[in-house]
Amino acid sequence: MAELQKDPITRKDFLSFGILGTITGAILTIPPAAFILGPVIKTDVLGQTDVPSGPDDWHEVGSITEVPVEEPKVFVVDFPVNQIYGDRKIQEESGLSTEEFVVESAIWLSWQHEILEGGEYGQSYRPAFLDDYDGGTLTQAQIEEIQGNLKVLSSSCAHLGCPVRWIVKEGAGEFLCPCHGGIYNINGQYVGGPPPRGMYEYTYEVREDGRIYVRHEFDIEEGLDVQKPYVI
Amino acid sequence: MIGRIRSQAVDTSKFVTDWMEHRTGIVTMMEHFLYEPVPKRGAWLYTLGSATLFTIVLQFLTGILLLFYYVPTTDHAWDSINYIMTEAYFGQMIRGIHYWSANFLLVVIGLHMAQVFFSGGYKAPRELNWVVGVVLLLLVIVLAFTGYLLRWDQDGFWASVVGMKIGSYSPFVGGPTIHFLLGGDVIGPATLSRFFAIHVWLLPAVLAPFIGIHLYLLRRHGVFGNEFEYSDRLAKLHERQRLESYERYEENDGQPYMGRRDRADRNGDEDEE
Ligand code: HEM
Ligand code: FES
């Protein structure tokens, strides 16, 4: 200490010490930090997701004929997850399980209903031609009519993600969340309890053979980022 | 005969102890570490800190044992715990201790904190030990949270999902923190690996030195309320009260209560001069 004071630091010393210190500090901290923060950078900065949800990543849910007229029905879809089990080749060579990790997602399908005053359900908007539809080829107009009235809802509660279930009541019914009592109607709209919005809806399409396909993508409202389903 | 053996044994142990003491100072150190005066009144309450330490030590020991069988992958985690529970010798006991001791730990740590709070043990010069204690509490809470997912059953899975979703609502840091814990944007293999790394390596490694600091500071200042300090403080308090009441009288009418006659005498003296 005393030595240092007797011998004042020159500008050159100061600068070279500063530069050297910065470089050393960077070498020591950046690799480990980036190493463990990788997923945060990929998700929050680059906007990537672990579940492939591009324009080609459709997963079959079921047939349009399986959705009942008056109440919702649950289907299970396995979405593959690309997390650390990425290098499938090595696993095959080592003779280990080649199974992909999947998120099993429960999906509720229901026909949109008219909501009367007081919350009761009026008529169902289920297209009439489905009454005598037996799995043949659908026309473009028919597909559009279906897509306008079919609800494809995530079972993950919009509050904190518990799985909601359908509770049958006199003539009507509602989606009830077991965790804190969030309630939604048959259209997935918010009725009561802590959830900040209605149930999340999947992006889906109906194909000509009457089968329904979904993508791992939701109707997230712009600017309400906290509602994003971080865990599904 | 017995007597001779006994005296020889005593001599040997004395020799060994002295030998160690000269070279390492271990005996003085042990005396220093092991003996701590605590107040007679409510002495049992002072065992809460030791109870906390005891449960944490149990967590470390049983946790290390569990690691001999536990496999931190999504397709084997549940099976490996099932193996511990059904086939490993004393598996149910080891895991049971880890589970129950984790629960007791949180209860005991709360009681310990309450004891320190209500006895005023956090006051100067022990404020820093309170701060270190809060750090320890937070570390233990995160340990309990991350341990629960390792079971990889429906209970642990959904408890963690809901816990993380609650966290995701925090402003600014919520999202990135949850993505950090998840290792992406959905719960999956990366999540289990991360929770494992945090539960088994990161947090125990951070916890241990903080426990060290906590104990060092405890030894430095002693348990609050030990008899010596207690009477010391009482004496100081009485002294302060005496001075205060003296000052009050002096302010009120300029006439010190006790000293009235004194002053009169002195005034008398001055008059004479
Ligand atoms: C203050 C310290 C700790 C707390 C509060 C804690 C808490 C927990 C909890 C609540 C569980 C879930 C148990 C269950 O539900 O069955 C768990 C599991 C586990 N912990 Fe810890 N733990 C601690 C320290 C450690 C340490 C130091 C290790 C290893 C070095 C460890 C290794 C494990 C392992 C391998 C499991 C999974 C096995 C199982 O779930 O039974 N823990 N811990
Ligand atoms: S998670 Fe559904 S109401 Fe809270």
Side-chain angles (χ1 to χ4, degrees), chain A residues 32-33 35-53 79-86 91 96-105 154-163 177-180 194-196 216-218 220 224-232, chain B residues 71-80 142 145-146 148-150 152-203 205-206:
Chain A
F35 183 75
I36 61 168
L37 291 177
V40 182
I41 298 167
K42 284 184 188 146
T43 312
D44 290 318
V45 182
L46 306 175
Q48 293 173 6
T49 167
D50 296 330
V51 184
S53 54
F79 292 101
V81 173
N82 285 347
Q83 269 176 356
I84 46 179
Y85 291 177
Q91 291 198 342
L96 292 175
S97 147
T98 55
E99 244 173 82
E100 276 180 303
F101 183 82
V102 293
V103 243
E104 263 185 11
S105 303
S154 162
S155 79
S156 194
C157 179
H159 180 223
L160 296 173
C162 292
C177 176
C179 288
H180 321 97
H216 197 262
E217 197 179 72
F218 306 88
I220 291 168
L224 285 175
D225 226 22
V226 286
Q227 300 179 6
K228 209 159 142 190
Y230 288 111
V231 191
I232 291 195
Chain B
V71 182
T73 64
T74 48
D75 33 4
H76 293 305
W78 193 90
D79 295 333
S80 66
V142 183
F145 179 69
T146 49
Y148 205 30
L149 182 79
L150 300 187
W152 206 250
D153 61 357
Q154 290 292 322
D155 274 354
F157 187 94
W158 288 105
S160 308
V161 166
V162 171
M164 280 189 280
K165 275 230 168 181
I166 292 174
S168 75
Y169 278 79
S170 329
F172 310 114
V173 292
T177 310
I178 298 314
H179 288 147
F180 172 76
L181 282 175
L182 285 172
D185 63 347
V186 289
I187 188 163
T191 318
L192 182 57
S193 293
R194 278 173 179 249
F195 274 57
F196 180 74
I198 293 171
H199 185 81
V200 170
W201 291 108
L202 181 64
L203 291 187
V206 178

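Excluded from the calculations below are hydrogen atoms, water molecules and symmetry mates; all remaining heavy atoms, backbone and side chain alike, are included. Residue numbering restarts at 1 for every chain, and letters A, B, ... go by the order of the sequence lines. Please read all numbers here as calculations on a predicted model, not as lab measurements.
Here the closest heavy-atom approach between residue B:V162 and residue A:C162 is recorded as CG2-SG, 3.5 Å. Shortest non-hydrogen contact noted between A:P39 and B:G184 is CB-N, 3.4 Å. Residue A:A158 comes nearest to B:Y169 through the heavy atom pair O-OH, 3.5 Å, listed as atom of the first residue, atom of the second, then distance. For A:G161 against B:W158, the heavy-atom pair with the smallest separation is O-CZ3, 3.4 Å.
Here the NZ atom belonging to B:K165 is positioned 11.0 Å from the SG atom belonging to A:C179, to the nearest 0.5 angstrom. In this structure, A:T43 OG1 and B:I178 CD1 are separated by 12.0 Å, a value rounded to the nearest 0.5 Å. If you take CG on B:D185 and NZ on A:K42, they are separated by 12.0 Å, rounding to the nearest 0.5 Å.
With A:V81 as the fixed residue, the side-chain contact (heavy atoms from CB on, under 4.5 Å) test singles out one of B:T191, B:T74, B:I187, B:V186: B:V186.
Heavy atoms of A:I41 lying under 4.5 Å from chain B are absent altogether.
In terms of heavy-atom pairs under 4.5 angstrom with chain B, the leader among A:V40, A:D50, A:V51 is A:D50. Listed options B:A190, B:S160, B:G163 were ranked by heavy-atom pairs under 4.5 angstrom with chain A; first place goes to B:A190.
Residues satisfying the ring-ring contact (aromatic ring centres under 6.0 Å, His included) test with A:H180, not counting sequence neighbours, are A:H159.
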